[in-house]
Amino acid sequence: MTGTVDATQELAAFLRARRERLDPQAVGLPRRRSRRTPGLRREEVAELAGVSTDYVVRLEQGRGLRPSAGVLEALARALRLGPDERAYLFDLARQRLPDDGKPATMVSPALELLVADLSPLPAMVVNHRYDVLTWNREMARLYLDFDTLPPAQRNSMWICLLHPGMSEFFADRERTVREGIADLRAAWAAHPEDRVLAELIGEFRSRSAEFEELWAKRDVRVNGRGQKTMLHPEVGPVTVAFEVLAPMQDPDQRLIIYRAADDDSQAALDRLSAR
C-alpha cells in the first residue's frame with residue numbers, strides 16, 4: 001500500500017529506474033556485449049553529468065544527499081528526462097525548478113479557441129508579466145479594446161497604472177492596484193532572470209508614485225479568485241467575480257474568467273454583449 005512520499009528513497013529509485021532504461025546508444029555510447037544489466041552504468045551517468053561516480057552511488061542508495069539545482073539539471077540532461085520527469089526530479093529533491101527564461105508570449109490555438117468559446121463570459125489569458133495574450137470580445141467590451149493598444153502596452157498592469165482612460169475605472173482602485181502589485185512581486189521572485197519583467201517594474205516605479213509606494217511595502221499574495229467592481233462608462237457599475245486558472249500544459253499562462261456577481265451586473269453585461 002502506497003503511503004506518503006519518502007522523497008529521499010523515491011529520488012534514489014527514480015534515478016536508478018531512469019538510468020537502467022536508457023539505451024547507451026541514445027547518449028552516444030557503444031553497445032557492449034559485456035553489459036550484464038540494462039541501461040547505463042553509474043560511472044557513465046557520472047561522466048555525462050560531470051559528477052563523481054561515488055556521488056551517483058550515494059544518490060541511488062538514498063544516503064540523504066541534497067543535490068543542488070545545478071546537479072539536478074546535469075542529471076536530467078544525462079538521463080534524457082522529459083519536462084514532466086525533470087519537474088518530478090526537482091520536486092523530489094525539494095528544489096525550485098529553474099525558470100527556462102522563455103516567458104509565454106503566445107497562446108496555443110486550443111487555448112485561444114477555449115477563450116472564444118467561453119463567451120458570453122468575459123475571458124482573457126495573461127502571462128506572469130500580466131501581458132494580455134488573447135481575449136474574447138466580451139472582455140474587450142467590458143475592460144478595454146486591446147487591439148487599440150501597441151503590443152508593448154497590452155499589459156493589464158500597465159493599463160491600470162498608466163493608461164489615461166483607466167484611472168477611475170475601478171471602484172476600489174487602491175485595493176485593485178495593491179492586490180495586483182502583491183501578485184506581481186510573487187512573479188518577480190519566481191522569475192529572477194526575466195529582464196523584461198524587471199524593466200517593466202522599473203518603468204512602473206519611475207512613472208507611477210502609486211506603484212512605487214505600494215511596491216515598497218513588499219506585500220506578496222497570489223490572488224486566484226475574488227470580486228471587483230468596474231465603473232463602465234457606458235453601462236455603469238459592473239461587479240464581477242473572477243477566477244484565475246493555470247493551464248497544465250502552459251503553466252506560465254493564466255486564464256482569467258469573469259462572471260456577474262449580481263443581477264444588476266448581469267443586466268449590464270447583457271447590454272454590452274448586445275451592442
Side-chain angles (χ1 to χ4, degrees), residues 103-107 112 115 121-188 191 194-217 219 221-223 226-244 252-261 265 268-269 271-273 275:
T105 56
M106 297 181 64
V107 296
E112 190 168 23
V115 171
L121 296 177
M124 63 181 175
V125 174
V126 303
N127 61 14
H128 70 264
R129 298 173 185 155
Y130 281 123
D131 295 331
V132 181
L133 306 180
T134 192
W135 58 92
N136 60 16
R137 63 182 184 180
E138 286 78 14
M139 181 61 79
R141 289 174 178 174
L142 172 63
Y143 193 64
L144 185 72
D145 186 354
F146 301 104
D147 276 326
T148 64
L149 299 175
Q153 297 176 8
R154 210 172 287 162
N155 176 284
S156 61
M157 183 62 73
W158 190 97
I159 292 167
C160 184
L161 291 169
L162 302 177
H163 192 287
M166 299 296 286
S167 61
E168 298 181 358
F169 183 72
F170 293 102
D172 190 347
R173 176 180 173 83
E174 191 276 337
R175 180 175 65 85
T176 300
V177 173
R178 172 167 40 83
E179 291 179 351
I181 291 173
D183 196 307
L184 189 65
R185 180 172 279 280
W188 176 66
H191 301 82
D194 187 347
R195 293 185 178 181
V196 175
L197 177 58
E199 291 171 0
L200 187 65
I201 292 171
E203 179 185 3
F204 293 156
R205 295 184 69 179
S206 65
R207 296 184 58 186
S208 171
E210 180 181 29
F211 183 93
E212 174 68 7
E213 179 183 353
L214 291 170
W215 182 258
K217 293 182 181 297
D219 292 335
R221 181 186 179 191
V222 178
N223 203 20
Q227 286 193 5
K228 60 180 68 175
T229 298
M230 306 171 186
L231 305 178
H232 196 278
E234 297 180 17
V235 297
V238 180
T239 300
V240 297
F242 64 88
E243 191 77 23
V244 183
D252 184 58
Q253 300 178 8
R254 303 176 183 182
L255 171 61
I256 302 173
I257 305 170
Y258 289 169
R259 59 180 178 79
S265 297
L269 290 178
R271 292 197 299 274
L272 279 177
S273 295
R275 297 188 177 191

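Computed from a predicted structure; not experimentally measured.
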Handout entry: 4.5 Å side-chain heavy-atom contact, Val115 and Val107
Key = no
Fill in the blank from the handout: Heavy-atom nearest pair, Ala260 first then Ser265, reads CB-C, 3.9 Å
Exercise for the section: May I ask you to test the Leu200-Val196 pair for a side-chain heavy-atom distance under 4.5 Å? Expected result: no
Exercise for the section: Please work out whether the ring planes of Phe169 and Tyr143 are parallel, tilted or perpendicular, with thresholds of 30° and 60°. Expected result: perpendicular
Problem - Backbone of Trp215 reached by a side-chain donor or acceptor of Arg185 within 3.5 Å - result: yes
Practice task
Starting at CG of Leu133, measure out to CZ of Phe146 and round the result to the nearest 0.5 Å.
Solution key: 10.5 Å
Handout entry: Chi angles and distances behind the side-chain contact (heavy atoms from CB on, under 4.5 Å) call for Asp252, His191
Key = CA-CA 10 Å; Asp252 184 58; His191 301 82; 3.7 Å; yes
Handout entry: Check: Arg259 side chain, Ala241 main-chain N or O, donor-acceptor pair, under 3.5 Å
Key = no
Exercise for the section: Output yes when a side-chain donor or acceptor of Asn136 lies under 3.5 Å from a complementary backbone atom of Ala123, and no otherwise. Expected result: yes
Exercise for the section: Check whether any side-chain heavy atom of Val240 lies under 4.5 Å from a side-chain heavy atom of Lys228, and answer yes or no. Expected result: yes
Exercise for the section: Might you point out which heavy atoms bring Asn155 and Phe204 nearest each other, and give the distance in Å? Expected result: OD1-CZ, 4.1 Å
Handout entry: Leu272 CG to Leu142 CG distance, which is reported to the nearest 0.5 Å
Key = 6.5 Å
Exercise for the section: Answer yes or no: is there a side-chain heavy-atom contact under 4.5 Å between Trp188 and Leu197? Expected result: yes
Exercise for the section: Run the numbers on Ile181 and Phe211 for side-chain contact (heavy atoms from CB on, under 4.5 Å), then give the verdict. Expected result: CA-CA 8 Å; Ile181 291 173; Phe211 183 93; 3.5 Å; yes
Practice task
Report yes or no: does Arg141 contribute a side-chain atom to a donor-acceptor pair with the main-chain N or O of Ser273 at less than 3.5 Å?
Solution key: yes
Completion exercise
When Glu179, Glu210, Glu168 are each screened for salt bridge (charged side-chain N to carboxylate O under 4.0 Å, His left out) with Arg173, the one that passes is Glu210
Practice task
For Asp219 and Ala182, indicate whether the former's side chain and the latter's backbone hold a donor-acceptor pair under 3.5 Å.
Solution key: no
Handout entry: Electrostatic pair Arg129:Asp194 at N-O distance under 4.0 angstrom
Key = yes
Exercise for the section: Mind listing the closest non-hydrogen atom pair of Asp183 and Val222 along with its distance? Expected result: OD2-CA, 3.7 Å
Completion exercise
So CG of Leu269 and OG1 of Thr239: to nearest 0.5 Å the spacing works out to 10.0 Å
Fill in the blank from the handout: Minimal heavy-atom distance between Pro237 and Ala268, with the atoms involved, is O-CB, 4.4 Å
Problem - Heavy-atom neighbours of Arg175 CZ exceed 12 at 6.0 Å - result: yes
Which atom pairs, donor and acceptor, lie under 3.5 Å between side-chain atoms of residues 157-166 and protein residues at least two apart or in another chain?
{"unit_1": "Trp158", "atom_1": "NE1", "unit_2": "Glu203", "atom_2": "OE2", "d": "3.3"}
{"unit_1": "His163", "atom_1": "ND1", "unit_2": "Gly165", "atom_2": "N", "d": "3.0"}

Exercise for the section: Looking only at non-hydrogen atoms, find the nearest pair between Trp135 and Ala140 and report the distance. Expected result: CD1-CB, 3.9 Å
Problem - Arg254 (side chain) donor-acceptor with Val244 (main chain) under 3.5 angstrom - result: no
Practice task
Please say which of Met230, Glu138, Gln227 ends up in a side-chain contact (heavy atoms from CB on, under 4.5 Å) with Tyr258.
Solution key: Met230
Problem - Polar side-chain atom of Asp145 near backbone of Asp147 as donor-acceptor pair, under 3.5 Å - result: yes
Handout entry: Approximate separation, where rounding is to 0.5 Å, of Ile256 CD1 and Met124 CE
Key = 4.0 Å
Exercise for the section: Indicate yes or no for a side-chain donor-acceptor contact from Gln253 to the backbone of Met106 under 3.5 Å, with no hydrogens or angles considered. Expected result: yes
Practice task
Go through the structure and list residues passing salt bridge (charged side-chain N to carboxylate O under 4.0 Å, His left out) with Glu112, not counting sequence neighbours.
Solution key: none
